[in-house]
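Numbers restart at 1 for each chain; the letters A, B, ... are given by sequence-line order, proteins then strands.
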Amino acid sequence: MSNNDGVCIAVNEFAKDVGVKKFEPYFKQRELIERTGVTVFSSNFTLYGAVSDRIMQTVARLTPAIEIYSIDECFTDLTGISQDALKPLGHQLRDTVWKEQRIPMGVSISPTKTLCKLGQYAAKKIPKINGVAVLTQAHQWEWLAKRVAVAEVWGVGRRLNASLTAMGVESAYDLTQLGKGVARKLGGLPLERTVRELNGEHCIPFEFNPPSKQQIICSRSFGTKLYQLNDVLESVTTFSVRVAEKLRNQESLAGRVSVWLVSGQDQRSRLSAEASVNLPGGSDDSRLIAKEAIAIANQLFKPGCRYLKAGVGLVDIRPREFWQRDMLSSPVSGTKNLMPVMDQINSKYGRHSVKLARQAGAASFSMKQELLSPSYLTRWADLPRIIC
DNA sequence: TCTGGGGTCCTAGGACCC
DNA sequence: TCTGGGGTCCTAGGACCC
């Protein structure tokens, strides 16, 4: 399930077969789920992140260079590896990850990222491919593209899919035949690039050194609805501390902080209020960022409203070393070592080991996670036990 | 009762410059 | 009589991704 046990965001084959739907609210499917014996888990990104790190390390060990694209995907650059060696390498990757982590992994090898993503579809759906798709020749990817709906193409979302199918573009192959001018007009530069990539032209480059974030957000729906100012301020403080941590992690300063509060009775009557302020001279100090965020939240808060969700965001982010100081603001205070020390303690002894007083207990707004799986890889108490 | 969270890039349009 | 041409920067909104 999603955060807060709200919607089902991933379903396995068994669940799919009995009719459980992705992106449908849990409460609507609960009866079906319980009746059919489907097992449900709250999301546990600590666990998934730990498994992901291990797999990425395995892939990095066996390939020349890796770009971590998401928690469960990476690209590697196989330039210079001979044609004959590609498929064996693909199987070696897949087998090693299975052996070491017991996670089934698909491998797809081709000249462009978009074709790789197409190949992943095949690696997953077409059994005879055996988890490793090699699409290095035009006839290979054309064969596949004719069998894949245009909606499955990387870069074609809901809207583009609707426009494309209305024009009679139904398969990925149809999309490869779309003129560049038409593509450009319909979906701008991104779609033109998608068409080129599907034709084997390498347009989307590798990112071996991921650029730092330009925007850092922490936003959560509350486990229970909040009515009290103090509860809302506690959540906003905690979210501020989290974004400041992420900011320090990438060694940047932020020039602006914004806060939003979402209130209402239900989805239909949702109201969102947002405001932001500048941080003159930039900052990465949890205390300052929290102080500004609290001031904003104080202004946005309306007594009597029922609060569902809050968020804190940082924008105007630049590397610490290149930051242009504000001529009018006072110089950096003498406590510049405090944040690194807090980070070290929290990293060693666990998040929130030291915190701002205003963060308090976190219980008032914390997520609903009633069906949480154990954090097998990151919590001593959750280590599996063998009982003899 | 009840519907996630965190990002990126592109484009159009407005305000401004000389 | 008649009202240019070539730019930059910023922002909001829309599309996409996982």
Side-chain angles (χ1 to χ4, degrees), chain A residues 1-10 20-31 33 40-46 48-49 52 56 67-75 113-114 116-117 120 150-164 183-194 197 203-205 207 210-226 235 239 242-243 245-247 249-250 255-256 258 260 262 264-270 272 274 276 278 306 308-317 365-371:
Chain A
M1 284 183 289
S2 66
N3 279 336
N4 237 13
D5 293 351
V7 301
C8 299
I9 55 169
V20 178
K21 292 201 187 68
K22 217 166 143 177
F23 300 118
E24 278 275 304
Y26 174 54
F27 76 91
K28 284 189 182 172
Q29 310 201 76
R30 187 167 179 167
E31 191 274 325
I33 286 169
V40 187
F41 297 98
S42 301
S43 52
N44 183 342
F45 283 94
T46 310
Y48 313 148
S52 172
M56 297 302 174
E67 172 191 345
I68 297 173
Y69 176 64
S70 72
I71 198 161
D72 68 347
E73 287 173 290
C74 63
F75 292 103
K113 285 183 169 179
T114 307
C116 277
K117 295 279 287 187
Q120 279 295 357
V150 72
E152 302 292 337
V153 173
W154 191 45
V156 175
R158 212 160 34 96
R159 301 297 288 267
L160 277 175
N161 180 46
S163 319
L164 287 166
R184 182 68 182 243
K185 208 170 162 200
L186 193 67
L189 193 54
L191 188 63
E192 186 190 333
R193 224 157 23 199
T194 298
E197 285 240 324
C203 302
I204 303 171
E207 302 265 12
S212 52
K213 304 280 182 241
Q214 300 176 40
Q215 174 183 314
I216 294 174
I217 287 172
C218 181
S219 137
R220 297 265 182 287
S221 298
F222 304 129
T224 55
K225 313 310 168 207
L226 300 186
S235 75
F239 301 163
R242 182 73 194 115
V243 292
E245 279 168 4
K246 290 189 195 173
L247 185 67
N249 231 330
Q250 64 168 40
R256 196 167 176 85
S258 67
W260 55 97
V262 179
Q265 288 306 306
D266 52 43
Q267 285 301 302
R268 269 192 297 279
S269 65
R270 274 162 85 111
S272 192
E274 186 269 345
S276 52
N278 288 329
R306 181 176 184 267
L308 310 169
K309 182 176 179 175
V312 175
L314 299 175
V315 287
D316 192 11
I317 291 171
F365 65 87
S366 50
M367 288 190 292
K368 196 158 109 184
Q369 291 184 308
E370 287 170 354
L371 299 161

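- OP1 and OP2 of B/dC2 both lie 4.0 Å or more from every side-chain N or O belonging to A/K368.
- We find that CZ of A/F222 is positioned 16 Å from C1' of B/dT3, with the value rounded to whole Å.
- Distance CG (A/N161) to P (C/dC16): 9 Å, rounded to an integer number of Å.
- Within the 3.5 Å criterion, the main-chain N or O of A/I217 finds a donor-acceptor partner in the side chain of A/K246.
- No side-chain donor from either of A/N44 and A/S42 sits under 3.5 Å from a side-chain acceptor of the other.
- Under the 4.0 Å criterion applied to side-chain N and carboxylate O atoms, A/E73 and A/K117 are assigned as salt-bridge partners.
- When each of A/R220 and A/L189 is assigned the nucleotide of DNA chain B bearing its nearest heavy atom, the one mapping closer to the 5' terminus is A/R220.
- A/S221 has a side-chain polar atom (N or O) that falls below the 4.0 Å cut-off from OP1 or OP2 of B/dG5.
- The side chain of A/E73 approaches C/dC18 more closely than any other nucleotide in the set C/dA15, B/dT3, C/dC18.
- Using a 4.0 Å heavy-atom criterion, one finds that A/Y69 contacts the sugar-phosphate atoms exclusively.
- The phosphate of B/dC9 has OP1 or OP2 within less than 4.0 Å of a side-chain N or O from A/Q214.
- Between A/V7 and A/E24 the shortest side-chain heavy-atom distance does not fall below 4.5 Å.
- Of the candidates B/dG4, B/dG6, B/dT3, B/dT3 carries the atom nearest the A/K28 side chain, counting heavy atoms from C-beta on.
- Contact between the side-chain N/O atoms of A/S2 and the OP1/OP2 oxygens of B/dG5 is not found at any separation under 4.0 Å.
- Under 4.0 angstrom from either OP1 or OP2 of B/dC2 there lies at least one side-chain N or O belonging to A/R306.
- Within the nucleic acid shown, A/I71 has no heavy atom closer than 4.0 Å to any nucleic acid atom.
- Note: A/E207 CD to A/I68 CD1 = 13.0 Å, rounded to the nearest 0.5 Å.
- OP1 or OP2 of B/dC10 lies within a sub-4.0 Å distance of a side-chain N or O belonging to A/R193.
- Residue-level contact check: A/V315 touches neither bases nor backbone, having no heavy atom under 4.0 Å from any strand.
- Where A/G188 and A/M367 meet DNA chain B, the nucleotide closest to each residue was compared, and A/M367 sits on the side nearer the 5' end.
- Rounded to a whole Å, the CG atom of A/L160 is 12 Å from the C1' atom of B/dC10.
- The phosphate of C/dC17 has neither OP1 nor OP2 within less than 4.0 Å of any side-chain N or O from A/K117.
- Checking C/dC18, B/dG5, B/dT3 against every side-chain atom of A/P25, the shortest atom distance belongs to B/dT3.
- A/D5 comes within 4.0 angstrom of nothing in the nucleic acid, heavy atoms only.
- Using a 4.0 Å heavy-atom distance criterion, A/K246 is classed as a sugar-phosphate-only contact.
- Comparing B/dG5, B/dG7, C/dC18 by their nearest atom to the side chain of A/S70 picks out C/dC18.
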